[in-house]
Every structure is written in structure tokens, then in C-alpha cells.
Student: 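My structure is below; once you've seen it, I'll send some questions.
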Amino acid sequence: MFKIVNRQAKNGLNLKGFDKNKNSYDATIAKGCGVAFFIVFVSIFIFIFTGAFELFEKIKLAHIPYILFTILAILLFFRYLFYLSALRKAHQDDKNFFDAVVAFHKKNWWLVLFSPIILIAIILHLIKRVKTIDRFKPVLDSKNNPMIRVDRDINIEGKPFLTAGQRKEEVVLAYDYDIWESTDHKEHIIKAWPAEKYNSYTECPECAFRTYELNKSVTVKQATYSHEGQAKLVNECSFCKKTEFIKWITLAMLVESSSSSSSSSSGSSSSSSSSSSWGGGSSSGGGTGGSW
């Protein structure tokens, strides 16, 4: 099964053309690996300090196939998520991504027999796809003729329809823009849809694009084992670069121990009293609130 998935990944995807941005599938893989590592670590700890190795003596030869099946099923599930992550990076256009995943599922539905967990991911993906039915339904122009949706895998930058600010909103994953153009190329309609990091940004008070990140920590001096570090807390726009300083933060020294306290910090001073006034901005974009 691993060989089949790997072969399809190599043949069906252009690895050199991948978008390097991380996506929700990467986050799931990272969290899953973290949980697996934690479980293994805790299990070893329990076995060593409680003398529970006698549990292994109760495992019979007949149990081994079931244990191996469970382990390999979990590994195959993560390989499946890695493949979906590769598809996500290969397609900026959301419709093309959904179509590619559907084609993969139709061709490889039997993977569920070897890793039943994949069924959960398939169901969740189907739910997301159903929510996009209205999004990808053809828009009508002024003459009531269906318009053509611009393929964003071909026209990545969305030129000449999108402004530089709108394109930046796409880059930071605040919005996805669908561009519809009439067949005579005389009309076009742009529709905005919330993307994966929609809630991580708000509208910039300077340029009005949803590229303003609140309470962003910028490290100025790294903390080491011998001295403290320093960072500044700011509100910053990724497009127009408007920056509002909030305060300095002291980063605690690194501690040589298994439970490092290097992540702790304390604020030292504040130079802006209006920094918190830019609470969440409004948006005209409708849609599913999608996490693609």
C-alpha cells in the first residue's frame, strides 16, 4: 500500500513546483507525530518506573498480527495525509485541489480497508466539498450568460483583476479570491472567501486590506544559556508595512533541563496606549469560512 501511494505521489505530482507554505494537513501530521512521540515516551516511562514489563509476557503470538496491523494502519493514514498535503501545495486553485482529491479517493477508496481511520478524513473532506457547491456555481454576467472561472493554477497572481493588496491577502491566507470573467472578456466579478488564516488577521487601519496582524512578537535578541533575550510586541501589516509598537518583552534565559523554561517571558515597558483599539475588522467576503 505504501508503494502504491508513493508511486502515485511521484507520477501525479510535480514536486519541484510545490508551494512551500504549510497547510492544515501539515499541521495535522505534525500534531499526530507529536502525540505519537508523547505516548511512546510516557509508555516507556511507565514501564521503567512501574515494572510493567510483565504486560509483554501476556502478549500471545496470535496478538502480533493485530498489533502490527494497527501500527501500519496509523502509518498509512499519515502517508495519506502527506499525499493530500502535497496535492494542496501543488494546487493554488481550490476547485482543482478538491477535484484532485476526489479523483484520488475514487481510485484508492480501498485504502480504507487497510487503514479505517482514512474513512474519517474522507468524510470530513466530503463535508468541506459540499460547502463549496455554491462557491463554484457559475456566476451570470449582465446578459445572464454563465461566466468562466479563472483557473488560479494558471493565473496564479490573478492579473490583471486583483490588486496587489488582494493578492497579499491570498498569500497570507486571509482570503481566497474567485475571479469570474464573461466569455467576451468585457466583464468580470471578484468574490472573496475566508481562507485558512482569516481569523489571524484584521483589516489594516492604513491600507484597509486584511493583512494586519495583532500582537505579533518579533525577536530582536535571542535568549541564550548565559543571558536573556529581547523581543518587541507589535501590530504589523504584511502589505503596507504599517507597524505599531506596543511594548518590549524580555525573553527568559534558556535552562539546561528536560522541562525548559525558555518559553517564558515578561513585559518590560509599553509605548502605545492605542494598540489594542484595532479589534477585529469587518469583511464583505461570504462563504464557508473554509479551511482548505
Side-chain angles (χ1 to χ4, degrees), residues 18-24 26-27 30 88-89 91-94 135 150 152-153 155-180 188-224 227-252 262-292:
F18 278 173
D19 180 358
K20 302 302 181 183
N21 291 332
K22 293 183 178 180
N23 53 61
S24 58
D26 290 331
R88 174 71 277 187
K89 293 175 182 177
H91 295 288
Q92 174 171 304
D93 191 285
D94 289 332
R135 174 183 175 182
V150 175
R152 298 303 304 281
D153 284 340
N155 187 350
I156 297 177
E157 298 297 324
K159 295 180 179 180
F161 308 102
L162 298 183
T163 65
Q166 289 174 319
R167 176 56 186 152
K168 192 64 178 181
E169 288 176 323
E170 287 190 325
V171 171
V172 300
L173 303 180
Y175 276 123
D176 286 323
Y177 284 101
D178 287 339
I179 306 169
W180 297 87
H188 74 273
I189 295 176
I190 298 175
K191 287 195 170 185
W193 303 87
E196 290 183 32
K197 297 184 180 179
Y198 175 83
N199 292 323
S200 298
Y201 295 90
T202 186
E203 290 185 4
C204 176
E206 187 74 23
C207 65
F209 290 108
R210 197 177 186 88
T211 51
Y212 199 55
E213 186 175 2
L214 303 178
N215 300 319
K216 179 181 179 180
S217 179
V218 180
T219 301
V220 177
K221 183 180 180 182
Q222 292 284 356
T224 68
H227 61 75
E228 296 176 332
Q230 192 175 45
K232 56 182 179 180
L233 199 64
V234 298
N235 295 334
E236 184 177 54
C237 178
S238 300
F239 178 59
C240 69
K241 303 304 179 184
K242 172 183 171 57
T243 303
E244 183 177 12
F245 177 80
I246 301 176
K247 66 179 180 180
W248 288 103
I249 297 176
T250 299
L251 303 178
S262 60
S263 61
S264 62
S265 61
S266 60
S268 56
S269 64
S270 173
S271 64
S272 175
S273 60
S274 61
S275 58
S276 62
S277 62
W278 310 112
S282 61
S283 166
S284 59
T288 62
S291 174
W292 310 116

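Just so you know, residue 1 is the first one in the sequence shown, and it goes up from there. Fair warning: this is a prediction, and the values are worked out from it, not measured in the lab.
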Student: For Arg152 and Gln92: C-alpha separation, side-chain torsions, deciding distance, then whether side-chain contact (heavy atoms from CB on, under 4.5 Å) applies.
Tutor: CA-CA 6 Å; Arg152 298 303 304 281; Gln92 174 171 304; 3.5 Å; yes
Student: In sequence, state the C-alpha distance, the side-chain angles, and the governing distance for Tyr201 and Tyr212, and then conclude on ring pair (Phe, Tyr, Trp, His ring centres under 6.0 Å).
Tutor: CA-CA 5 Å; Tyr201 295 90; Tyr212 199 55; 9.5 Å; no
Student: From Arg167 CZ over to Lys159 NZ, what is the distance, rounded to the nearest 0.5 angstrom?
Tutor: 9.5 Å
Student: Hey, does Asp178 have a side-chain heavy atom less than 4.5 Å from the side chain of Arg135?
Tutor: yes
Student: So, for Asp176 and Ala195, which heavy atoms are closest and what is the spacing to 0.1 Å?
Tutor: OD2-CB, 3.7 Å
Student: Check the pair Thr163 / Phe209 against side-chain contact (heavy atoms from CB on, under 4.5 Å), numbers first and verdict last.
Tutor: CA-CA 10 Å; Thr163 65; Phe209 290 108; 3.8 Å; yes
Student: What pair of heavy atoms forms the shortest contact from Val220 to Lys232, and how long is it?
Tutor: CG2-CG, 4.2 Å
Student: Carefully, step by step, assess Leu162 and Ile190 under the rule side-chain contact (heavy atoms from CB on, under 4.5 Å).
Tutor: CA-CA 8 Å; Leu162 298 183; Ile190 298 175; 3.9 Å; yes
Student: Heavy atoms only: give me the nearest Cys204-Lys242 pair and the separation to one decimal.
Tutor: SG-CD, 4.2 Å
Student: Going from OG1 on Thr202 to CG on Asn235, what distance comes out if it is rounded to the nearest 0.5 angstrom?
Tutor: 9.5 Å
Student: Search all heavy atoms of Asp93 against all heavy atoms of Val150 and return the closest pair with its distance.
Tutor: OD2-O, 3.7 Å
Student: Looking only at the side chains, is there a donor atom on one of Tyr177 and Glu169 sitting less than 3.5 Å from an acceptor on the other?
Tutor: yes
Student: Could you tell me the separation between the CG atom of Leu233 and the NZ atom of Lys247, rounded to the nearest 0.5 Å?
Tutor: 6.0 Å
Student: Taking atom NZ of Lys241 and atom OG1 of Thr211, what is their separation to the nearest 0.5 Å?
Tutor: 9.0 Å
Student: For Gln222, does the CD atom have more than 12 heavy-atom neighbours from other residues, nucleotides or ligands under 6.0 Å away?
Tutor: no
Student: Looking only at heavy atoms, what is the nearest atom pair of Ala223 and Ala252, with distance?
Tutor: CB-O, 3.3 Å
Student: Distance check, rounded to the nearest 0.5 Å: Asp94 atom CG versus Asp153 atom CG?
Tutor: 9.0 Å
Student: Check this for me, if you would: do Glu203 and Arg210 make a salt bridge, where the nitrogen-to-carboxylate-oxygen distance has to be below 4.0 angstrom?
Tutor: no
Student: In sequence, state the C-alpha distance, the side-chain angles, and the governing distance for Trp248 and Gln230, and then conclude on side-chain contact (heavy atoms from CB on, under 4.5 Å).
Tutor: CA-CA 7 Å; Trp248 288 103; Gln230 192 175 45; 3.7 Å; yes
Student: How many angstroms lie between CZ in Phe239 and CD in Gln166, if you round to the nearest 0.5 Å?
Tutor: 9.5 Å
Student: Looking only at non-hydrogen atoms, find the nearest pair between Glu206 and Cys240 and report the distance.
Tutor: CB-SG, 3.9 Å
Student: With a 4.5 Å heavy-atom cut-off, do Glu236 and Glu213 have their side chains touching?
Tutor: no
